[in-house]
Structures are given as C-alpha cells and as structure tokens.
Amino acid sequence: MTFNSNTTEFTPGKVEKDLRVLELLSQTFPNVSAASTEIINLEAILNLPKGTEHFVADLHGEYEAFLHIMRNASGNIKRKVTDVFGTSLREAEIRQLCSLIYYPERKLQLIRASDTDLNDFYLVTLHQLVKVCQSVSSKYTRSKVRKALPKEFAYIIEELLHESPSDTDKQAYFNRIIETIISTGQADAFIVAMCNVIHRLCIDQLHILGDIYDRGPGAHLIMDMLSKYASLDIQWGNHDALWMGAAAGNDCSIANVLRVSLRYGNMATLEEGYGINLVPLATFAMEVYADDPCTHFEPKLDPDDKTHNEKTRKLLAKMHKAMTIIQFKLEGQMIDAHPEWKMEDRKLLEYIDYEKGIVRIDGKEYEMCDYKFPTVDPNDPYRLTPEEEELVDKLHHCFVMSPGLQRHMKCLLSNGDVYNICNSNLLYHASMPLNADGSLKSVEINGKKYKGKELLHQVGVLMRAAFNDDTPEEEKKFAIDYYWYLWCGPDSPLFDKAKMATFERYLLSDKEIRKEEKGSYYHLRDKEDVCDMILDAFGVTGEHRHIINGHVPVKATKGETPVKANGKLMVIDGGFAKAYHRETGIAGYTLVFHSRGFVLVQHEPFTSTEDAIINGTDIKSTTQIVELSSQRMRVRDTDKGEELQAQIDELTELLYAYRHGMIKERYRN
C-alpha cells in the first residue's frame, strides 16, 4: 500500500482492493479508537532520535578486549557519565563509577571487601545509576525501555526512571524506593540489573563484520555472548567460513582450523569451548616426528605467554607440523576434485626434490627450510597414510558432533549472511570481486556465473545449503566443499587474493614468493566512483551512503587511514588480535553511528579486565569524527522508520474503511 499518512482523500477502489489485508489488520485494531491510538504511537516513535549502531570487525577471539568495548560502548558510557556528573564528581570518581557499570558483579565484590559503610555506598551509587540510566534511555520509548528491563526489577526501575527526586511531591516516594532496596538486601542485585540495562540501551544495534574466530583464545566466549544479544547481525568473514566449513564436515577446513589454532597456541576454543579431542593428534605427532624438533612450526605465542612451558611448546610444534602436512594433502585432493576452481598452482608437494631440499615453482627453484616429511610418498604425495586417514576420521567426528560448535554455527546462520544493507550502509567482510577496469567481476559457481549482489546472495544460499537437511545430497556435498574455496579461493568475496601462500610462508625463506597479491577491489576501493558503482549495484540509496568492511588490517603506524574514497568507504579492521598489534600499532576500531552521524573510535591495546576492575583503567581511545549532520537523524530517517511509515499508511487506510462502512468496527467486552 502506498498511502501517505498526510493524505486526506482515498480512492475507494484502492481501499476495496486492499480489503483482504485490512480485514486481517482489523483483527489487531478492531475499531477507530484502536487504530488511531496506534497511529499516534507510531508517529511519536518516528520523531525520536535514531538508536546508536556499533560496527565491529575482525575480533579474532580477543574476548576480553571485545567484552570491554561492549561494556563501555566504545567510550559512550564514560561520555554519558561525564555529561551527567562532570561538574560534581572528580575524574577518579567517574572512573570508579564507570568501572562499576562495566563489571558490576566483580567490582561489587571488591567494594564489599573494603568499604566500611556499605549502606552509604549503596545510597549514593543507586542515585547515580538512576541518573545515568535516565540519560541513556531518553531517546527511547517507554515500551522499548521496558523490554530491556529485567523482569524481577522491571516495575521498580521504570518508576525510578520516570520520577524525579527534585520534584518535591515525589521526593519522599523516590527516596523510599531506594532505601527499601537497600534495607531488603537487594542493593547488589539491583545495581547489577541497572548496569546491564545501561549496557543494553547504549548500543541499539550491533553489526559484526566478520572474523570472530582464530588467533585469539576466546572465540567461543564471544559466540556465547553474541548468542544472547538481542539486536545483532553478522557478516561472515573468511575465518568464520573456515569454522563453519569445519562444523559442516569439510576436512580441509578442519585441517586449517587446527593448523591456525596450533600456529598461535590457541587450544582453548577447541578443547574448552568445543570439546575437540586432540589426544589422537598429539599421539600421532609424537610418533611420526619423535626425532624432529619441528623448529619452523613452533607456535607464535604472545611474548608474555606463561601458559605454555618448553615441553608443551615442543609438542605443539610437532602437532602443528603433522596437521600442516595433512592439510596440504587434503587440499591437493580437493583441488583435483574441483578443477573448475583453477587452483592447481596450490598443489606444491609434487614439486619437491627431497634429495636437494628444493621445490620448483613456476620454473624457479627455491631452497626449503624444512623438507622432512616422513608421511609423504613422492610418487603419490597427496595420499594419506592409513594412520593419517584414521586421525582425520576421528577429528571429523569431533567437529560434526560437537554440541557447542553446532550451537554456535546456528547462531551464525540465524543472525548472519554474506552482506547486509542497513540505513544506507552496505556491510560485508572483505571484498567485492572486480575486474581491473573497476567493473563487477563474474565468478563461476557450480557452472553458473554471478557478480555483484547476486554473487554475494548466491554464496549465502550455498553456505546455508551445507547445513540444511533437505538439501539434495550432491548439492550439499558441493556446498560443504565450497567452504574451503571461500577460505582461500582467488575469487572468493571473503578472501579475494591470488593465492593463500601457506606453503611458502612455512617452508620458503624467499619473501617475494610469499606475497599474496590482492584482487582489484583492494587497489580500486579508494576511488569514489568505484564505491558509488558498487552501492548502485546493491540498490543502496540515500544522500549519505557508505560501504563498511574489515578483513585487511589498517596500518595506522604507517599513516594509513580507515576512511577512504572521500568518506564512501570505511575499513574498520584495526587489528583486535594481539598478533596484529605490532603491524597496525593499534588494537581495533569501532564505528559508531548515532543520531548526529558517524564517529570512528581507535582503540589502544587493552591491559586486562582485572586492571579495569581494580584500578578503573579503561581502553585508551581516540575519536575521529567521520561525518556529522547539522540535524539529528530521527527514526523516520532509518530503515525502521520506513517500516513504521508503511504501518501508519495501512492503519490510515483502515481508518478510511471504518469510517466509510467498508469494515465494521468491533468493541470487546
């Protein structure tokens, strides 16, 4: 229906055509009064400021840093606290109040152990939290705020939020509520509840632009957290696709997941998070590589790492090498099974000369750092030994049968896709395959060619098909296989590089051969006209429209900026993973889109949650204004506003039908 709420005249023929729909609508709004009330409510919502959106990319398992950024809402909570108490509290007091809001349970434990006058602390703190909560809830309707409240305290919090202690008539009422919370022993629980409400209301919509997994130790903890988040969307990254492929039963993906985890000494997600049994791999590695120090496969650990002793590191190196060789074999088999992917150049085991210790690539010989591969048959290099086959079968079973992993994959599938369009912003993780001239590149999938929006849509359909029980067997097998291509295929929109040089990085010292040539997108994304072409292809409209993605860390130390193409593109991978900190010089970006516009927050490395709780230490952040508007954006200016306006149009049409006798009003007893 296309009626505008300001329209006063309706065409009876149009209303009659829509009578079926209006009859259904009348079941919810049975008379003029009910329909009018809802129109008034929706019109009021349209004029509220838009909610705050947070964009985060490339978390890479850094749970503590991500948790803190979510708890402090990229510094937004401290800004709110400072706005409310900037003239009445000292900086140290503001830090301590913020620390309490970020980590209420653990901060209260410290306070109970050290504060000699808890009742006074509770009295002061509860009044402070009410003021902060009033500030962060001011842009929302009472209905929306009510939905964010915990059931056990919903009525009390709602009363406190909408009553002012400065009102003489209500002062005694307000104060008595606070005093009774304390006297009944509910102060701690109420403080925790208030802090959680502040967290929820500071971030209205969370966008995760891919790569939750790998490198850091807490991907499973991040997924647990996201599984409980109300307003969330995820754009899958290549590392997410790798784990999704492993969960679907793709053995190449399983091998890569294990190799990457062993490379960074990150076993927590595998063992503690998903219960993957690595004993068979450890046993196999110790037997096959007993006398091999596996020097080039030592894990890349944090310099401050104290969890791995020398013996453990040596074992990880052997397991790492064993899994890497198995990966090369499995990938060779996958490439042979799919010649249409044209990845024969990644089959390098067959070009090794074990007597000379060299490998021939593109007619050139390269000296190898390590070529002791006792399980590789030079005459049939991609054949698994019986022991390797048995190991792969056991690992396969662990991944596809892990309840925790499968639960988290359901979360990724239900909240995610390859791309998303939200409020004139096109979101995807990595790339849009382009030709050298900047035109959209056609990519073949299962015999058909796709480009642009249709390509990303088809990839998303295929990724879901791997997990659907009703997918035909042959189609499902291809979908499962395709997960590996998404991880490292040249035309994968989640990767888009000429090759993934795993073999070269591990085994060759020549830096030139290790280079991974990026696709045309990465060379052309600085051009405004190219970004406009992509936005047009996806049907993204609006005066201020953008592409937002991650994937490639922005090297801030070398002067690289995340804002490109005259503001049309924002790359927000600042390197959450500790492994990237030296390369990027920072520890991640978050992009905040509030009612005034876009703000980019650049974060310094996080110390620890413990430090934040005890000393009130926060992540040091630098804020860069990307785009501000002279007028606040209202809900009516958003995608949600369009939906609400459509509802208003339908209700206005229903009013016409009631008033002209086309539909009879009903009144409930």
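Everything quoted here is computed from the prediction, not taken from an experiment. Basis for what follows: all heavy atoms, side chains included, without hydrogens, waters or symmetry-related copies.
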Measuring from [X]:[atom1] to [Y]:[atom2], what's the distance to the nearest 0.5 Å?
X: L129; Y: I157; atom1: CG; atom2: CD1; value: 10.0 Å
X: H199; Y: I203; atom1: NE2; atom2: CD1; value: 9.0 Å
X: K131; Y: L160; atom1: NZ; atom2: CG; value: 13.0 Å
X: L201; Y: S137; atom1: CG; atom2: OG; value: 6.0 Å
X: N31; Y: T37; atom1: CG; atom2: OG1; value: 8.5 Å
X: Y173; Y: N175; atom1: OH; atom2: CG; value: 12.0 Å

Please report the closest heavy-atom contact between [X] and [Y], naming both atoms and the distance.
X: A219; Y: T269; value: N-OG1, 3.5 Å
X: P217; Y: N266; value: CA-OD1, 3.1 Å
X: G550; Y: V571; value: O-CG1, 3.9 Å
X: L412; Y: W236; value: O-NE1, 3.0 Å
X: I548; Y: L591; value: CD1-CD2, 3.7 Å
X: A57; Y: I572; value: CB-CG1, 3.8 Å

Would you confirm whether [X], through its side chain, and [Y], through its main-chain N or O, come within 3.5 Å as a donor-acceptor pair?
X: T125; Y: Y122; value: no
X: D240; Y: G237; value: yes
X: S99; Y: R95; value: no
X: Q27; Y: L24; value: no
X: D120; Y: D117; value: no
X: T638; Y: G641; value: yes
X: N415; Y: C411; value: yes

Contact between [X] and [Y] at the side-chain level, heavy atoms closer than 4.5 Å - yes or no?
X: F55; Y: L206; result: no
X: V197; Y: V136; result: no
X: C133; Y: L161; result: yes
X: Y229; Y: M70; result: yes
X: L118; Y: I111; result: yes
X: D211; Y: N238; result: yes
X: K640; Y: I45; result: no
X: S36; Y: L655; result: yes

Please confirm whether [X] and [Y] have ring centers closer than 6.0 angstrom.
X: F174; Y: H127; result: yes
X: H220; Y: Y63; result: no
X: H68; Y: Y103; result: yes
X: Y419; Y: F538; result: yes

Enumerate the salt bridge (charged side-chain N to carboxylate O under 4.0 Å, His left out) contacts for residues 408-426, please, sequence neighbours excluded, ordered by first and then second residue.
D417-R464

Tell me, which pairs form a salt bridge (charged side-chain N to carboxylate O under 4.0 Å, His left out) where one or both residues lie in residues 181-200, sequence neighbours left out?
R112-D188

Quick one: do N76 and V592 satisfy side chain to side chain contact (heavy atoms under 4.5 Å, CB included)? Show the steps, please.
CA-CA 9 Å; N76 193 37; V592 180; over 6 Å; no

Any idea how Y213 and W243 line up, ring-wise: parallel (<30°), tilted (30 to 60°), or perpendicular (>60°)?
parallel

Residues passing the ring pair (Phe, Tyr, Trp, His ring centres under 6.0 Å) test with Y658, sequence neighbours excluded, are none

Lys/Arg N to Asp/Glu carboxylate O, D83 vs K78, below 4.0 Å
no

Residues E158, R142: salt bridge by 4.0 Å N-O rule:
no

Steps toward side-chain hydrogen bond (donor to acceptor under 3.5 Å, both in side chains) verdict (D224, H408):
CA-CA 8 Å; D224 279 338; H408 286 166; 2.8 Å; yes

Pair N425, H546: side-chain N/O donor-acceptor within cut-off below 3.5 Å
yes

I'd like to check the salt bridge (charged side-chain N to carboxylate O under 4.0 Å, His left out) partners of R79; sequence neighbours left out, ordered by chain and number.
none

For D532, which residues count as a salt bridge (charged side-chain N to carboxylate O under 4.0 Å, His left out) partner, sequence neighbours excluded?
R545, K568

Evaluation steps, side chain to side chain contact (heavy atoms under 4.5 Å, CB included), between N549 and L427
CA-CA 6 Å; N549 60 242; L427 319 179; over 6 Å; no

Walk me through it: do E38 and T28 pass the test side chain to side chain contact (heavy atoms under 4.5 Å, CB included)?
CA-CA 10 Å; E38 183 65 6; T28 306; over 6 Å; no

Crowding at CD, E91 (>12 non-hydrogen neighbours, <6.0 Å):
yes

Apply side chain to side chain contact (heavy atoms under 4.5 Å, CB included) to the pair E62 and R215, showing each step before the final yes or no.
CA-CA 8 Å; E62 294 296 343; R215 296 194 174 91; 5.9 Å; no

Candidate pair Q235 and D233, rule side-chain hydrogen bond (donor to acceptor under 3.5 Å, both in side chains), full reasoning:
CA-CA 7 Å; Q235 289 71 60; D233 57 79; 2.9 Å; yes

N/O donor to acceptor pairs below 3.5 angstrom from side-chain atoms of residues 46-54, sequence neighbours left out:
unit_1, atom_1, unit_2, atom_2, d
N47, ND2, E43, O, 2.8
K50, NZ, E53, OE2, 3.0
K50, NZ, F593, O, 3.0
T52, OG1, K139, NZ, 3.4
E53, OE1, H207, NE2, 2.7
E53, OE2, N423, ND2, 2.8
H54, NE2, A73, O, 3.3

